[in-house]
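Contents: one structure, followed by commentary.
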Amino acid sequence: MIRNFLLIGIGGGAGSIARYLCQKWFNETYPHPFPWGTFTVNLIGCFLIGIIYAASEKTSFLSSQIRLLLITGFCGGYTTFSTFAFENMSLLRSGDNLYFIIYVMASVVLGIAAVFAGIALMKLL
């Protein structure tokens with residue numbers, strides 16, 4: 001059990017750092033009321049989860065511990081649902097209703113599509 005906690009913690013730490021760097025780059029490069037950094041991170045995270053899930057179905061290389069490290073740890077630290085919820089509240093409070101609707105709809109629809117894309121990519125390999 002302690003080993004699992006360590007794997008999740010290591011993956012989560014790496015994912016959190018990766019999220020921070022990606023969001024920082026987007027916010028500095030494309031300053032905009034629409035939260036492009038979080039949006040992109042969530043889509044990439046969904047795509048990665050799809051790839052890792054499909055790879056674990058395809059090969060025995062990804063043990064349950066590696067899945068904990070990558071899916072629960074890294075992707076859990078990398079994706080940002082709590083930030084997503086906070087940014088949506090901020091968009092509503094500032095009266096950016098159109099950005100709120102676009103952000104919610106695009107994140108959900110494209111996030112699910114990214115998971116399918118990751119699975120489809122792994123089936124081709």
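In this chain, residues are counted from 1 in sequence order. Please read these numbers as outputs of a predicted model, since none were measured by experiment.
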Approximate separation, where rounding is to 0.5 Å, of [X] [atom1] and [Y] [atom2]:
| X | Y | atom1 | atom2 | result |
| --- | --- | --- | --- | --- |
| L62 | I66 | CG | CD1 | 7.0 Å |
| Y78 | C22 | OH | SG | 4.0 Å |
| L48 | L43 | CG | CG | 11.0 Å |
| I52 | I119 | CD1 | CD1 | 11.5 Å |
| N42 | L110 | CG | CG | 11.5 Å |

ask   = Does any non-hydrogen side-chain atom of I10 lie less than 4.5 Å from one of F74?
value =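 No. Closest side-chain heavy atoms not under 4.5 Å.
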ask   = Is there side-chain contact between F47 and L121, with at least one heavy-atom pair below 4.5 Å?
value =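 Yes, side chains in contact.
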inquiry  = On a heavy-atom basis, which atom in L7 and which in L69 lie closest, and how many Å separate them?
reply    =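 Heavy atoms of L7 and L69 come nearest at O-CD1, 3.2 Å.
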inquiry  = Check the orientation of W36 and F39. Use parallel for under 30°, tilted for 30 to 60°, and perpendicular for over 60°.
reply    =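 Rings of W36 and F39: perpendicular, over 60°.
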Is the count of non-hydrogen atoms from other residues, nucleotides or ligands lying under 6.0 Å from [X] atom [atom1] greater than 12?
| X | atom1 | answer |
| --- | --- | --- |
| Y103 | OH | yes |
| L124 | CG | yes |
| F26 | CZ | yes |

remark   = side chain to side chain contact (heavy atoms under 4.5 Å, CB included) with L91: of F34, F86, F100, only one passes, and it is F100
ask   = Stepwise, does the side-chain contact (heavy atoms from CB on, under 4.5 Å) test hold for T83 with Q23?
value = CA-CA 11 Å; T83 302; Q23 287 177 307; 4.1 Å; yes
task = Would you check if the side chain of R67 reaches a backbone N or O of Y53 as a donor-acceptor pair within less than 3.5 Å?
result =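 Side chain of R67 to backbone of Y53, a donor-acceptor pair under 3.5 Å: no, none is there.
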